[in-house]
Amino acid sequence: MWKLGVFCLLFSLPLLCGASMKIEYLSEVVSGMIESDSEGSKTVYPKAFVLRNGDEESEVFLAKWQVNYQKQTLEQKIFRANTQDLGWRKRLTGFASDFPIEYSKKIRNRVEQSTSDFIDIENIRTAALFGQSQDGLIVPTAAGDMRVYDSQGKRFEFLAPQFSPKFYETHFGNYHSAVLNQRENVLAFFNYRSFGSEASLSSDERGFLQDNRSFLLWVDGDGVRRFNLLSIQKRLKQILAAGFIKQAANAAVVVLWETTDGKVMLSTHDASGKLLSQAREFYSNIDARGKLSFYYGPSTEQILLTEPYAGRVHFISPFKTVNWIASVEQDALVDGSLFRVLGVNQIDQHIVAKVFANQKVWQFDARAARVKGHDAEKQGLIKINEEFLPPDVGNGELVDVRLVEKDKEVLLLGLWSYTASTKDLDDGVVRTASERFLDDAELSRCQGYLDYEKTFDKYLLQRIEAFCIESKLDCPKMASYSDVEKKLPQFVAYQEAQAQDDMISCLRNSLLFPLTQDKPLDKSLLIYNKNPEEYMRWLKDVKVDAKLVLTIHSNKYAQAKKVRFPGLVLQEYENKFTGLEALVNNGKLELYLTAKDETQDKGFRFIKINGEE
């Protein structure tokens with residue numbers, strides 16, 4: 001159990017301890033993606049990779065790459081955040097024996113790019129391969145190779161089977177990990193896909209693709225090895241997921257895969273790859289569009305499979321003869337909310353899923369598959385952890401949530417993002433401020449909405465018809481705008497109100513225009529202005545800064561903590577949020593996150609939060 005002093009220092013509970021947490025910025029503000037049609041692009045990947053190294057301070061690594069379209073080159077680099085600057089270097093020389101990892105490649109066409117030795121930066125991950133507090137960095141490549149580094153440099157390497165790169169490309173699948181014999185073991189898989197018709201391939205090419213259409217790797221502290229799937233290889237089209245499961249006194253491997261004729265199968269294998277039982281067809285609905293994930297129970301012959309797109313989980317007991325899949329749909333939770341899986345517990349040899357939905361933490365096991373909807377909760381098949389109800393976070397968007405456990409200490413971490421906004425301004429405030437700060441030309445433009453043309457045409461008749469239907473009125477026959485004013489004054493009043501709304505909207509947009517620009521507020525943004533000094537003070541007063549809020553719940557304390565980061569929001573990258581990284585190092589919780597700095601154009605920061613001894 002964590003010491004109270006460490007907890008207090010970490011979570012800034014002044015009533016209990018009078019201490020504060022340490023927030024460290026791991027970098028200056030750096031740019032995300034910068035693109036140019038003529039020159040290329042530069043990218044710093046907005047996620048930090050954290051390596052624990054025994055009792056030493058965790059080391060943080062960043063990744064970046066640069067594409068030059070004219071020279072047709074790609075340069076990549078993975079480097080220590082605390083020892084390397086973030087400037088771009090002109091010359092890179094290939095993989096180094098230690099950090100930084102650097103790579104440069106000439107790109108000539110799609111085939112070469114897809115089968116090249118590029119680092120697959122988005123699928124880099126860390127794992128406690130060398131002990132519970134000593135991590136390895138797992139680095140896959142686009143060609144299916146896998147390299148493992150510790151804090152000093154490369155430890156292991158696996159080179160994928162290669163043939164002619166003219167007919168296939170390699171796709172990374174997903175990871176699964178479990179702690180076996182005090183160390184984390186990781187499964188990862190790749191699928192090969194051909195560019196065109198396989199009928200046009202030579203017999204040697206078809207033979208290669210049949211034997212290597214998918215391959216599964218087992219990574220641990222002793223190396224990287226290809227897992228033997230010969231027993232299913234001839235029928236295998238692609239691997240969908242792979243994970244560890246307990247079988248008797250040993251760990252087995254479960255593989256979910258698609259056959260060449262489109263069936264979804266599940267097979268279990270011992271450590272050598274031998275089938276433990278006949279592969280069986282997966283008889284529950286499955287949606288393979290997203291990355292499917294397995295969750296491991298350390299002492300149960302049951303495994304959890306999650307489908308992120310379908311909002312569905314499957315409790316799988318592959319060694320049972322019948323009823324070996326129990327699927328829980330998203331509508332088994334209140335209001336049918338999509339859930340995020342936080343992890344699993346184990347009770348009486350059964351896996352218990354922990355999920356976050358409707359801003360609550362829920363727990364359920366395979367029995368919840370028996371009923372639908374709210375009945376699952378009423379019958380006690382789905383339970384709520386009442387101590388983890390979140391605090392009031394207003395209009396913040398929950399972008400990441402993590403459950404972290406250490407002995408009897410359980411923490412729920414939520415990351416909430418608030419974009420920059422303004423105070424609510426009523427119409428009177430907008431009018432008064434506009435007359436004081438907007439120039440005459442802009443005032444006149446907005447007031448022009450009140451002088452709308454009263455034209456009687458087919459478009460007006462269409463609007464009148466829609467108004468009558470919505471207002472449930474009988475529309476009289478009209479031949480001119482005078483008829484409208486006499487016979488349907490309600491519509492005239494509606495038009496006038498709309499004109500007033502349009503005018504106020506115009507004034508509001510002009511007033512607040514400087515705050516809508518993705519730049520720091522200064523006088524250069526005051527376009528339609530008079531009284532600039534007072535106008536600047538007014539804008540600063542009505543502005544509500546962007547902020548990032550970390551909420552921290554503990555099962556030891558009733559009241560949740562909030563940590564605010566003014567001016568920071570979560571960085572979005574290719575429609576995906578890179579959120580929170582949480583790990584326990586030497587009894588303390590370390591948090592790492594990436595946040596966009598609203599004061600910088602396209603800039604973000606890498607942040608570390610931990611307690612001080």
Side-chain angles (χ1 to χ4, degrees), residues 23 25-35 43-48 337-338 340 356-359 390-402 412-427 429-430 433 504-527 535-552 560-581 591-609:
I23 300 175
Y25 291 90
L26 300 177
S27 71
E28 296 298 322
V29 176
V30 296
S31 296
M33 175 72 82
I34 303 174
E35 293 191 57
T43 302
V44 175
Y45 186 56
K47 179 180 178 182
S337 171
L338 285 172
R340 306 172 189 230
F356 190 86
N358 295 334
Q359 298 191 21
D392 179 19
V393 289
N395 61 348
E397 178 188 3
L398 179 66
V399 288
D400 208 348
V401 60
R402 299 292 176 92
L412 181 72
L413 309 171
L415 200 57
W416 305 81
S417 185
Y418 301 75
T419 56
S421 60
T422 62
K423 296 177 181 177
D424 291 332
L425 305 175
D426 62 35
D427 293 354
V429 171
V430 171
I504 292 294
S505 178
C506 177
L507 293 174
R508 190 189 305 273
N509 291 339
S510 299
L511 268 178
L512 301 178
F513 172 80
L515 299 180
T516 64
Q517 306 307 294
D518 191 18
K519 296 177 182 178
L521 180 61
D522 61 39
K523 291 182 180 180
S524 67
L525 300 176
L526 306 184
I527 299 177
Y535 187 21
M536 283 290 293
R537 290 194 295 270
W538 184 85
L539 286 170
K540 290 177 181 178
D541 181 63
V542 301
K543 181 183 177 183
V544 177
D545 287 334
K547 64 181 176 180
L548 195 66
V549 175
L550 176 69
T551 57
I552 307 165
K561 283 294 298 176
K562 296 180 187 177
V563 183
R564 294 174 176 82
F565 302 87
L568 299 178
V569 294
L570 202 64
Q571 171 72 19
E572 189 177 4
Y573 176 73
E574 290 185 354
N575 300 317
K576 294 182 290 186
F577 284 105
T578 58
L580 203 57
E581 193 70 32
L591 307 177
Y592 297 86
L593 56 95
T594 304
K596 180 179 179 181
D597 191 320
E598 289 268 307
T599 65
Q600 301 287 330
D601 185 22
K602 297 183 180 179
F604 57 84
R605 292 179 180 270
F606 298 95
I607 303 167
K608 175 182 178 182
I609 309 171

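Along the sequence shown, residues carry numbers from 1.
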How long is the span from the [atom1] atom in [X] to the [atom2] atom in [Y], to the nearest 0.5 Å?
{"X": "Asp427", "Y": "Leu507", "atom1": "CG", "atom2": "CG", "answer": "9.5 Å"}
{"X": "Leu570", "Y": "Lys596", "atom1": "CG", "atom2": "NZ", "answer": "11.0 Å"}
{"X": "Leu398", "Y": "Arg340", "atom1": "CG", "atom2": "CZ", "answer": "4.5 Å"}

Contact summary for [X] and [Y], nearest pair of heavy atoms:
{"X": "Arg508", "Y": "Leu425", "value": "NH1-O, 2.8 Å"}
{"X": "Asp597", "Y": "Leu568", "value": "CA-CD2, 3.6 Å"}
{"X": "Thr422", "Y": "Leu512", "value": "OG1-CD1, 4.0 Å"}
{"X": "Leu539", "Y": "Leu511", "value": "CD2-O, 3.5 Å"}
{"X": "Tyr535", "Y": "Ser510", "value": "OH-O, 3.7 Å"}
{"X": "Leu548", "Y": "Val569", "value": "CD1-C, 3.9 Å"}

If the condition is salt bridge (charged side-chain N to carboxylate O under 4.0 Å, His left out), which residues does [X] pass it with, not counting sequence neighbours?
{"X": "Lys562", "result": "none"}
{"X": "Lys547", "result": "none"}
{"X": "Lys540", "result": "none"}

Side chain [X], main chain [Y], donor-acceptor under 3.5 Å:
{"X": "Lys543", "Y": "Ala420", "result": "no"}
{"X": "Tyr592", "Y": "Lys47", "result": "no"}
{"X": "Thr516", "Y": "Phe513", "result": "yes"}
{"X": "Asp400", "Y": "Leu580", "result": "yes"}

Side chains of [X] and [Y] in contact at under 4.5 Å (non-hydrogen atoms):
{"X": "Ile552", "Y": "Leu413", "value": "yes"}
{"X": "Lys423", "Y": "Asp541", "value": "yes"}
{"X": "Lys561", "Y": "Leu550", "value": "no"}
{"X": "Ile23", "Y": "Val563", "value": "yes"}

Apply side-chain contact (heavy atoms from CB on, under 4.5 Å) to the pair Val44 and Phe604, showing each step before the final yes or no. CA-CA 10 Å; Val44 175; Phe604 57 84; 4.1 Å; yes
Kindly check if the number of other-residue, nucleotide or ligand heavy atoms within 6.0 Å of CG (Asp424) is above 12? no
